Each structure stands twice: as C-alpha cells, then as structure tokens.
Amino acid sequence: MAIPVLGALIKAAAEIKNIPVEIRQNHTDPIKAQKRELRKLLSKAQFTEFGKHYHFDEILLSKNIIEEFRKRVPVFDYNKMHDEWWHLNLEGKRNVAWPGKIKYFALSSGTSEAASKYIPITKGLNNRITRASIRQLVSATRYDFPVDFYNKGVLMIGGSTDLQYNKEFGYYAGDLSGISASKIPSWFEFFYKPGQKISKIKDWGEKMDMMVKEAKNWDIGVIVGVPAWVQILLERIIKEYNLNTIHDIWPNLKAYVHSGVAFAPYEKSFERIFGKEVLYIESYLASEGYIAYQVDLKKRVMQLLVDNGIYFEFVPFNEQNFDEDGNIVEHPTTLTLSEVEENTDYALLLSTCAGTWRYLIGDTIKFLNKENCEIAITGRTKQFLSITGEHLSQDNMTRAVDMMAEELGVNITEFTVAGIRYETMYAHHWYLAVDEPIDKDLALKKIDENLCKLNDDYAVERTEAIKELFIDVLPTHVFYDFMEQKIGKWGGATKFPRVLKGKRFEMWNEFLSDLK
C-alpha cells in the first residue's frame, strides 16, 4: 500500500478551493478522460520496443484509436507479459514497454500463485499514486476534522523499505508499500510512523515487536494498512499496555484507510478495538497502480480514477472469457467504460504509465453506478469456486460467511473453501477461523442457506451435484502460521486466499495434518 494520506496537510488549501488543477479529478466526462489517457500512453510509448512491435504510431493515426488498440494489442496476463517483454526489463534493457530503464519492481503479494511477481514501477506511476493519495485526502477535508488533527502521526503498516538491490542489472525490488514509503518527501518524515528505521526491518515479527514498543511514544491520527495485520498490531498494543481500547493510548485516532480485502468481516473486531468513532476509508491500490478510492465517507463505494495514468478495459467474468481455473482465454470479449453494465462482474485490464498493456491484474469488480464510475471489488479471477457450475464468487462467499457470523454473534475474519471430489459426486470443504465457541454444524447450515439465497446456480447444484458439505473450525493464528511457514509471506499486504485449489490446497492439507 502506498501513501493514501499524503495530502492531509493541504487542508487549508482545500478549504479555500485553491487546489491545483493537476490534483482535481475531472468526472464531467469520464469516457473522454479515458480516451485522453489512452492517447497519452500510446504517444509516450510509441518508440519503445513494445510500441514499435504493435505499431502504436499507426494506432494513433487511426480514426478510432480505442478500437484499433483493442484490435492490434493482445491481452496479457503476468506470465505472458513477463515471458515476452518484462524479462528484458529485469535484464537491464531500456525502452522495453515504457521509455527508459525500469529501476524499481514491486514484488506482488498476490495469493493466486506462490512465486512473487515483478511488477515494473516508474517515476511517473509513483507520482500518480501520490497524486491520487492527495486527491483522496482532499475529499476527506469536507468532514470537518479539527485543525490539530492534521498534525497527528500517520501509521502506515506495510512492507519493508529495505529493498533488494540487484547489482548485476541495477534495479531495486520489494513491496510497493516499501518502495513508496522509501521515497516519501522529507517534510513528511515528522508525521510518518513507524519511521524509516522500523520500516526497514524485513522480519515481520521483529517489526511488530518494535511497533508495539514505540506505540506509547506516538500520537496517531490515521492508520493505513491491510485489516488483518492492523487488527493484530492494535490487539497486541492493547494487551501490552493493559488498555481497554486503542483510543486509551491514541485519543486522536480518527481515520483508518484500508485496502486489499473486503472490510465487512473485520468491522466488529475493529469496533471492539476502537473506543471512539473512527472513519473507515477504502482505497484500491494494486501493484500496477492506484485504481479507485472512496470519495464519500458516508457511502462505502469507490470511484474509478479515470484520469490518472491508467486506461481501463473490462472483461465479463464468465465461462466464455475464463476457463475453470480462472485463466483468461486467448481472445476474450473486452469492453470500454462506455460499454459496461451495472451489477455485472468484470475482470480488470490495465494499460499504465509503467509499461503495462491490456494487463489482467486478477481482480474482479462491478459497477454500482456507471455514470459516477462507482465500483466495488467482488473478488479474484482465480478465487472463485465452480467445480460443477455453482459459480460462487468471492463476494458471494464473503457475504454468506458474514451473514452467518452476524446471526450467530461470532467474529470471523478469515475463512477459506475448497471444492473436492467426494465419492461419485462433489463437495465443498469450509475452513473457518474462529477464536470463540461456535456450533460448527449450525454455522455450515447457515452458510449453505445464505449461498442458496445469494446464488441461484449454487442452489441448483446443491440438489444435483454438490451432495455434501464439510467444515473445520480452526484458531485464527493457524491461517497466518500457514502463510508464514509454508508460503513465506507474512504481514504487510499479505492476504489469505478465500479459495484453495491445486498445489496450494495440497500444502494446506499437509500443514493441517502436521498440526494433529
């Protein structure tokens, strides 16, 4: 996660409407804004190897650059983009898919694959992330925070700023949060917590210990981070200092900026952690760029950033465009912003100012309001479950578990599910993270009932092909222990996959067997 709070100190300028033009987002015509972004990207990259290969100069001269771009340039997933182009960036080549030499790579912490992905980060992309961060805080100035709030600390819980340096080819690699935090302006150092010294620590356990130790010395106004790890840190601080809530030590905490996962499963836990009202602000920042953020703090939806260095395309998330493992087909149907419909799941394709072209980032979204470009994240292309045609999205599963937890009065922040063969038919095996008493059979019954209400395909398949359901209830730490011990990813922006398939499911079963 980058710095969604970098613009906090421009409150005064915002209140007198003295915001620089380059900071404002123009939504008067988002479709025209997107066309402008595509033209700028093509113009900038036309003399790169990628641009010459796909004849960007001819696309720019065509009568319909959007259609010509869609026709000439294929869709890429990470493996295709890496094998054909990005590996040259990693070998130190210049002008591959974007002008110049790529000096930074974000190591993606995506959960669909075990190996890290090297995503190029350019100065232009990092600047646009900062600009989007400022925009988001400008929108927050409408909510009448006291002036002294803007002098409080900003706790950013992310990856290490001690980046890996490749001497042979001259580039740095690390978490996007680490790259962004390592490049924060000097004037922000006073507000930035946990500070550069702690941020450089690579070991998450050691970093957590140091943050707990220093917590008493900070006056935090804003927290930024993935919910699971923020929750763990705040609970440790409360325990260490024998507090009732985190506001006993940070009385000026007023905002929490979260990203990466659905927040609903964590909300009850945070209500217990907080002693005062805290504004929850959602942002959508991927390794490939800043995609959207929440502009109305009373309305939990995000607005797509249509004029900030990214050109978007949308692939209907269906069987015509994706195989049963969530892999995109060679020639998918792709739609522009003008062609999408509301309340339909789409996979995102991005073309960006870092040499990303028609690139599948693996997230699925839906439009809640097309006119205002309001979206919600619904899941991952490879974290859906459809072994017999039940077509369960991550959003379906999260909502079903959340509804069950609400009804039974329990707190469940992590869960996962796998589709398995069972006798001559199929079954779903659920794993819930629960640290309090729960009737697991009743929980499973409620999840099943909720899914039948949420998804008609599931309701049909439950009578035809999915004859059995299984459930295991596990302590929450088991999920995080697995990520640390077996996957090698712990803390920061790490997220546990909501669906387990293939090798990852085999590793999970082996891990659970070793615990017995």
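The structure displayed is predicted, hence computed values, not measured ones. For reference, positions follow the sequence shown, starting with 1.
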Beyond-backbone contact of [X] with [Y], side-chain heavy atoms, under 4.5 angstrom:
| X | Y | answer |
| --- | --- | --- |
| Thr413 | Thr476 | yes |
| Val222 | Leu155 | no |
| Glu374 | Val295 | no |
| Ile198 | Lys207 | yes |
| Leu350 | Ile291 | yes |
| Asp472 | Leu432 | no |
| Met425 | Ile466 | no |
| Tyr284 | Tyr293 | no |

Donor-acceptor pair between [X] and [Y] side chains, under 3.5 angstrom:
| X | Y | result |
| --- | --- | --- |
| Thr378 | Tyr346 | no |
| Tyr241 | Asp248 | no |
| Glu214 | Asn217 | yes |
| His428 | Glu390 | yes |

#### Entry: Glu342 atom CD: more than 12 heavy-atom contacts under 6.0 Å
yes
### Query
Counting heavy atoms not belonging to Lys213, are there more than 12 under 6.0 Å from its NZ?
no
Proximity of [X] and [Y] rings by center, below 6.0 Å:
| X | Y | result |
| --- | --- | --- |
| Tyr431 | Phe479 | no |
| Phe317 | Phe322 | yes |
| Phe470 | Tyr422 | yes |
| Trp86 | Tyr118 | no |
| Trp508 | Phe496 | yes |
| Tyr256 | Phe270 | yes |

I'd like to know if the side chain of [X] and the backbone of [Y] have a donor-acceptor N/O pair within less than 3.5 Å.
| X | Y | answer |
| --- | --- | --- |
| Thr356 | Thr352 | no |
| Thr388 | Glu461 | no |
| Thr398 | Asp395 | no |
| Asp402 | Arg399 | no |
| Asn455 | Leu451 | no |
| His258 | Pro227 | no |
| Asn396 | Leu392 | no |
| Thr245 | Phe274 | no |
| Gln303 | Asn372 | yes |
| Lys501 | Phe384 | yes |

Taking atom [atom1] of [X] and atom [atom2] of [Y], what is their separation to the nearest 0.5 Å?
| X | Y | atom1 | atom2 | result |
| --- | --- | --- | --- | --- |
| Ser386 | Asp323 | OG | CG | 11.5 Å |
| Ile238 | Ile249 | CD1 | CD1 | 9.5 Å |
| Phe76 | Tyr359 | CZ | OH | 11.5 Å |
| Asp345 | Phe367 | CG | CZ | 12.0 Å |
| Lys382 | Asp77 | NZ | CG | 7.0 Å |
| Leu408 | Glu436 | CG | CD | 10.0 Å |

If you compare all heavy atoms of [X] against all heavy atoms of [Y], which two are closest, and at what distance to 0.1 Å?
| X | Y | answer |
| --- | --- | --- |
| Ala132 | Leu305 | CB-CD1, 3.7 Å |
| Ile420 | His429 | CD1-CB, 4.4 Å |
| Leu125 | Ser287 | CD2-O, 4.3 Å |
| Ala443 | Ile438 | CB-CD1, 3.8 Å |
| Ser283 | Val257 | OG-CG1, 3.9 Å |
| Ala405 | Ile412 | CB-CD1, 4.3 Å |

With a 4.0 Å cut-off on N to O distance, would you call [X] and [Y] a salt bridge?
| X | Y | value |
| --- | --- | --- |
| Lys370 | Glu341 | no |
| Glu406 | Lys268 | yes |
| Arg300 | Glu267 | yes |

### Query
Could Lys366 and Phe314 be counted as a cation-pi pair, given that NZ or CZ must be under 6.0 Å from the ring centre and within 45° of the axis?
no
### Task
Please say whether the positively charged group of Arg128, taken as NZ for Lys or CZ for Arg, lies over the ring of Tyr290, i.e. under 6.0 angstrom from the six-membered ring centre and within 45 degrees of the axis.
no
### Task
With salt bridge (charged side-chain N to carboxylate O under 4.0 Å, His left out) as the test, would you mind laying out the steps for Arg498 and Glu414 before giving the verdict?
CA-CA 8 Å; Arg498 292 308 188 209; Glu414 300 291 348; 2.8 Å; yes
### Query
side-chain contact (heavy atoms from CB on, under 4.5 Å) between Ile310 and Glu288: does it pass, once the steps are laid out?
CA-CA 9 Å; Ile310 301 177; Glu288 295 79 7; over 6 Å; no
### Task
Check the pair Lys152 / Asp219 against salt bridge (charged side-chain N to carboxylate O under 4.0 Å, His left out), numbers first and verdict last.
CA-CA 6 Å; Lys152 305 306 177 185; Asp219 185 4; 3.0 Å; yes
### Task
Starting from the C-alpha separation in whole Å, work towards a yes-or-no answer on side-chain contact (heavy atoms from CB on, under 4.5 Å) for Asn369 and Val301.
CA-CA 9 Å; Asn369 184 310; Val301 297; over 6 Å; no
### Message
Ser269 vs Arg272, test: side-chain contact (heavy atoms from CB on, under 4.5 Å). Steps then yes/no.
### Response
CA-CA 5 Å; Ser269 296; Arg272 290 195 288 266; 3.8 Å; yes
### Query
Between Arg236 and Asp209, is a side-chain contact (heavy atoms from CB on, under 4.5 Å) present by the stated rule, with each step listed?
CA-CA 9 Å; Arg236 280 198 55 186; Asp209 290 341; 2.8 Å; yes
### Task
Report the C-alpha separation of Tyr266 and Asn411 in whole Å, then their side-chain angles, then the decisive distance to 0.1 Å, and conclude whether the side-chain hydrogen bond (donor to acceptor under 3.5 Å, both in side chains) test is met.
CA-CA 8 Å; Tyr266 301 90; Asn411 183 48; over 6 Å; no
### Message
Pair Glu449, Lys445 - check salt bridge (charged side-chain N to carboxylate O under 4.0 Å, His left out), show working.
### Response
CA-CA 6 Å; Glu449 291 174 350; Lys445 180 175 181 291; 2.5 Å; yes
